[in-house]
Amino acid sequence: MTDLSNGTLFIYGFIILAALLVGIVQWGRRRYEVLAVLAIILSLLLPLVSFLYSINRPEGMNEIAYIWQQARGRNGIGVFLLLGYLYILFWIFFGPEFKKLYTFISRKIKRVIRWWKNREQKQNKNKMKEEI
């Protein structure tokens, strides 16, 4: 990873380290063990695979652009890297609060379903009134 600026490398390293630490803490607390172990494995594996994969990139293209280009071209390793990094970001932001996220989303989905059913009931009542 030589074409990236120092700030970008710092943020990249911070994100990977944060994912590793959050994964270790969640695994130690025995919460979301499978997701935590997956985050630990990916945070150790992704930088190595990314470095080895980006060796073949064309001159003048940085690592992020190369991985994005390969993922858009449906190259298997490029897609794996992109999905892995997306999982790491998801894990950092929502891993410790996964239960709260689930309840928040489920409440929203239930509200939308309730709204949709009420809307259909109102439409059916209006149709019945029009028919009379």
Working to the nearest 0.5 angstrom, can you tell me the gap between [X] [atom1] and [Y] [atom2]?
{"X": "Glu63", "Y": "Phe51", "atom1": "CD", "atom2": "CZ", "answer": "8.5 Å"}
{"X": "Trp68", "Y": "Tyr85", "atom1": "CH2", "atom2": "OH", "answer": "14.5 Å"}
{"X": "Ile88", "Y": "Leu38", "atom1": "CD1", "atom2": "CG", "answer": "7.5 Å"}
{"X": "Asn6", "Y": "Ile11", "atom1": "CG", "atom2": "CD1", "answer": "11.5 Å"}

Should [X] and [Y] be counted in the same cluster of Ile, Leu, Val, Met, Phe, Trp and Tyr side chains packed under 4.5 Å apart?
{"X": "Leu21", "Y": "Ile16", "result": "no"}
{"X": "Val49", "Y": "Tyr12", "result": "yes"}
{"X": "Ile77", "Y": "Met61", "result": "yes"}
{"X": "Trp91", "Y": "Leu89", "result": "yes"}
{"X": "Leu82", "Y": "Ile92", "result": "no"}

Should the ring pair Tyr87 and Phe90 be called parallel, tilted or perpendicular, given that the plane angle runs from 0 to 90° and is split at 30 and 60?
->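 Tilted, since the angle between the ring planes falls between 30° and 60°.
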Heavy-atom donor-acceptor pair, Tyr66 side chain to Ile55 backbone, under 3.5 Å =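 It does not hold such a pair.
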Identify all side-chain donor-acceptor contacts of residues 112-121 below 3.5 Å with residues at least two apart in sequence or on another chain.
unit_1, atom_1, unit_2, atom_2, d
Trp116, NE1, Glu120, OE2, 2.7
Asn118, ND2, Arg114, O, 3.4

Side-chain donor-acceptor distances from residues 39-47 under 3.5 Å, at least two apart:
unit_1, atom_1, unit_2, atom_2, d
Ser43, OG, Ala39, O, 3.1
Ser43, OG, Ile40, O, 2.9

Where is the tightest heavy-atom contact between Gly78 and Gln70, given as atom of each residue plus distance?
->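 Result for this residue pair: CA-CB, 4.3 Å.
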Give the intermediate values and the outcome of side-chain contact (heavy atoms from CB on, under 4.5 Å) for residues Thr8 and Ile64.
-> CA-CA 10 Å; Thr8 306; Ile64 296 171; 4.2 Å; yes
